[in-house]
Amino acid sequence: MTDVMSELHRRGLIAQSTDEDALRAALAAGPVTYYCGFDPTAPSLHVGHLLQFMVLRALQRAGHQPIVLVGGATGLIGDPRMSSERVLNDPATVAAWVDRIRRRVAPFLDRPAAEQGLRAPLYVDNLDWTAPLSAIDLLRDLGKHFRVGRMLAKEAVAARLNSEAGISYTEFSYQILQANDFRELFRRHGCTLQSGGSDQWGNITAGADLVRRTEGASAHALATPLITTADGTKIGKTEGATVWLDPELTSPYAFFQYWLGVDDVDARAWLPLFSERPAGEVEALIAESEARPAARAPQRALAEELTRLVHGEDELRQAEAAGRALFGRDDLAALGAETLGAALREAGSVTVDGGTPTVAALLQQTGLVASLSEARRTVREGGAYLNNQRVTDAEAVPGEDDWLPGGWLVLRRGKRSVAGVRRAGSPGRDT
RNA sequence: GGCGGGUUGCCCGAGCGGCCAAUGGGAGCGGACUGUAAAUCCGUCGGCACAGCCUACGAAGGUUCGAAUCCUUCACCCGCCA
């Protein structure tokens, strides 16, 4: 059994943990059952959550037994955010998100289980044991083990108490539910380790404490660091939009492009965290980046590995090909209908029927800009391109000559935002 | 409970009867440079049927030819005194 703690440390995946010697010993003694929970606060997980899967996968590779929890119950309550009270989501919505997230997340651990004979993950939903919990059970069996003083001292709670927003009893109680999850998983599956983001540290240790106190067993906790970009913003935001793991929300192409566009400083910092390559290769890539930044070696490695992990080999190939086609120096018309079509379908496209709209209207319809005003402004600023030619008149209508093989127009905003326009009834597959 | 100050565009923050879609900074976006990077410089930054119009300055009313700017009420925040 490999020393997984060393790997996690080397990759910078551990921000804090409970008694590390004890944890090391437990991991060395045999398969440990461990879990990580994800609350359904959106239809999909995003790039930031990926880090948790890196930890889950490393432990799985080391022979341990993963459990993935999707918080159908805790998602209805909401954990306290630093800033303000959460808006409660509708139960039906949360239930739908639970399903959707679980389906998307399966390959991360199921694939290694199938291909490398590792332990297959268990999927659980805390709604299963939280929904039947009565108010009496909650107050008698759980509440007695929680000291209000300790609960108030948790960072997330304390911050909110001192803020203008204050905190509702609902969110204050969140830690009890998450702690109960840990105990429940211990009872049901012998789970003794929980991992999560460092923002969850208070909740995680609440669970470990509960298991120790009521079950007399040792339970461990592991937290990953909070990852930010060099300029302090959250990972996984482009143009204000979140980079999701669900291909319906963020196309594999956009996902691939996100990683490729990461700046040098971040790419070097993130590579060890997100790459499962051997240490030597990671170091070589970083050295390569310092020597020849233009090659963007760490960015490419991240884009390839993570797109393959999240979307699979086929989608990776297509995203790569699309990027090459659209950013390459080749003449667009020379690309051929097949390549062009595939690239633009990846990048995002709309179909027009009947008369061709103006360039400004097309920019808006493809989502490249938010409004017609913005479209006109973009053209005025010289940031709009039709088939790689700068557009000077927002009201111009693309002519017959502009349509590329397969019935396509390539619309671009700035350097990297590309979208396709397809003429309805063109030969070939429809979008 | 009393007195005073505040609530402005994504954020911070000027404006205090017409010249205000609203100074300035930040973020964002575009251009130049470059490497689909960073830094820097320049431009831009509510919407639309775009030389015009519509919507906006906590909410609702009012005064006025005309209000973000004055008055009234309400909501929330922040100080000082009890």
Side-chain angles (χ1 to χ4, degrees), chain A residues 82-85 160-166 228-243 250-271 285-304 306-307 319-330 332 343-344 346-348 355 357-386 388-397 410-419:
Chain A
M82 286 300 168
S83 52
S84 62
E85 193 79 9
R160 283 282 295 283
L161 277 174
N162 292 325
S163 77
E164 286 171 13
T228 53
T229 62
D231 45 18
T233 55
K234 267 190 203 152
I235 185 173
K237 298 274 182 191
T238 45
E239 295 161 30
T242 302
V243 180
T250 299
S251 73
Y253 166 80
F255 183 88
F256 183 87
Q257 286 294 323
Y258 168 74
W259 293 104
L260 204 55
V262 166
D263 81 56
D264 296 342
V265 174
D266 291 329
R268 288 169 202 152
W270 293 351
L271 189 64
L285 286 166
I286 292 171
E288 159 86 15
S289 164
E290 270 148 16
R292 292 197 312 127
R296 287 202 309 284
Q299 284 92 331
R300 277 178 208 288
L302 285 168
E304 278 174 30
L306 295 173
T307 306
E320 268 182 321
R324 265 200 307 275
L326 298 176
F327 287 104
R329 296 194 218 293
D330 307 342
L332 284 172
L344 291 172
E346 283 291 310
T358 61
V359 170
L362 286 170
L363 281 167
Q364 191 206 5
Q365 284 167 31
T366 51
L368 251 27
V369 298
S371 66
L372 279 178
S373 296
E374 197 178 341
R376 294 197 185 92
R377 193 183 304 139
T378 301
V379 170
R380 206 188 314 133
E381 292 171 337
Y385 305 82
L386 173 65
N388 284 347
Q389 294 287 312
R390 181 170 285 172
V391 177
T392 51
D393 178 10
E395 304 309 321
V397 174
V410 178
L411 223 51
R412 179 156 61 88
R413 181 202 187 178
K415 279 176 192 161
R416 28 155 89 198
S417 309
V418 185

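Excluded from the calculations below are hydrogen atoms, water molecules and symmetry mates; all remaining heavy atoms, backbone and side chain alike, are included. A note on names: the letters A, B, ... follow the listed sequences, proteins ahead of strands, and every chain is numbered from 1.
Annotation: of the two residues near RNA chain B, A:K415 and A:R390, the 5′-most nearest-nucleotide partner is A:R390. Taking the nucleotide of RNA chain B with the nearest heavy atom to each of A:V262 and A:Y385, the more 5' of the two is matched to A:Y385.
Residues satisfying the side-chain contact (heavy atoms from CB on, under 4.5 Å) criterion with A:Q257, sequence neighbours excluded, are A:Y253, A:L260, A:F327. Remark: A:Q364 pairs with A:V369, A:L372 by the side-chain contact (heavy atoms from CB on, under 4.5 Å) rule, at least two apart or across chains. Take A:R292 and apply the salt bridge (Lys or Arg N to Asp or Glu O under 4.0 Å) test, not counting sequence neighbours, and it matches A:E288. The side-chain contact (heavy atoms from CB on, under 4.5 Å) test applied to A:A394 returns A:A360, A:R376, A:V379, not counting sequence neighbours. For A:E304, the side-chain hydrogen bond (donor to acceptor under 3.5 Å, both in side chains) criterion is met by no residue, not counting sequence neighbours. For A:R268, the side-chain hydrogen bond (donor to acceptor under 3.5 Å, both in side chains) criterion is met by A:S289, not counting sequence neighbours. Partners of A:R380 by side-chain hydrogen bond (donor to acceptor under 3.5 Å, both in side chains), not counting sequence neighbours: none found.
For the C1' atom pair drawn from B:G17 and B:U63, the interatomic distance equals 11 Å after rounding to whole Å. Nucleotides B:A51 and B:A56 have their P atoms positioned 22 Å apart, rounded to a whole Å. Between B:G28 and B:G9, the two C1' atoms lie 14 Å apart (nearest whole Å). When the C1' atom is compared between B:A21 and B:C53, the two are found 13 Å apart, to the nearest whole Å. B:G26 sits 25 Å from B:U34 when the C1' atoms are compared, rounded to a whole Å. Atom name C1', nucleotides B:C65 and B:A75: the rounded distance is 32 Å, in whole Å. Taking atom C1' on both nucleotides, B:G52 is separated from B:G62 by 30 Å, rounded to a whole Å. Taking atom C1' on both nucleotides, B:U8 is separated from B:A59 by 15 Å, rounded to a whole Å.
The separation between A:L302 atom CG and B:U36 atom C1' is 15 Å, rounded to whole Å. One interatomic measurement links the two molecules: CG of A:L363 to P of B:U44, which rounds to 19 Å at whole-angstrom precision. In this entry the distance linking CG of A:D263 with C1' of B:U40 reads 16 Å, nearest Å. The interatomic distance linking A:N388 (CG) with B:U36 (P) rounds to 13 Å, in whole Å. One interatomic measurement links the two molecules: OH of A:Y258 to C1' of B:A37, which rounds to 14 Å at whole-angstrom precision. Rounded to whole angstrom, the span from the CZ atom of A:R413 across to the C1' atom of B:U36 amounts to 16 Å. Here the P atom of nucleotide B:G30 and the CZ atom of A:R412 are 11 Å apart, to the nearest Å.
Residue A:R296 has no polar side-chain atom (N or O) positioned under 4.0 Å from OP1 or OP2 of B:A38. At least one side-chain nitrogen or oxygen of A:R416 sits closer than 4.0 Å to the OP1 or OP2 atom of B:A37.
Looking at A:Q299, its side chain has no donor and acceptor atom pair within 3.5 Å of the base of B:U36.
Shortest non-hydrogen contact noted between A:T307 and A:F255 is OG1-CD2, 3.5 Å.
Using modelled atom types, no side-chain atom of A:R412 and backbone atom of A:L326 make a donor-acceptor pair closer than 3.5 Å. Of the possible polar contacts, one joining the A:S251 side chain to the A:E346 backbone as a donor-acceptor pair under 3.5 Å is found.
The stretch residues 369-384 of chain A comes close to RNA chain B through A:S371, A:L372, A:S373, A:R376, A:R377, A:E381, A:G382, A:G383, each having a heavy atom under 4.0 Å from the strand.
Helical stems in RNA chain B, defined as runs of 3 or more consecutive Watson-Crick or G-U wobble pairs with donor-acceptor distances under 3.5 Å: B:1-7 with B:75-81, B:10-12 with B:24-26, B:28-32 with B:40-44, B:46-48 with B:52-54, B:58-62 with B:70-74.
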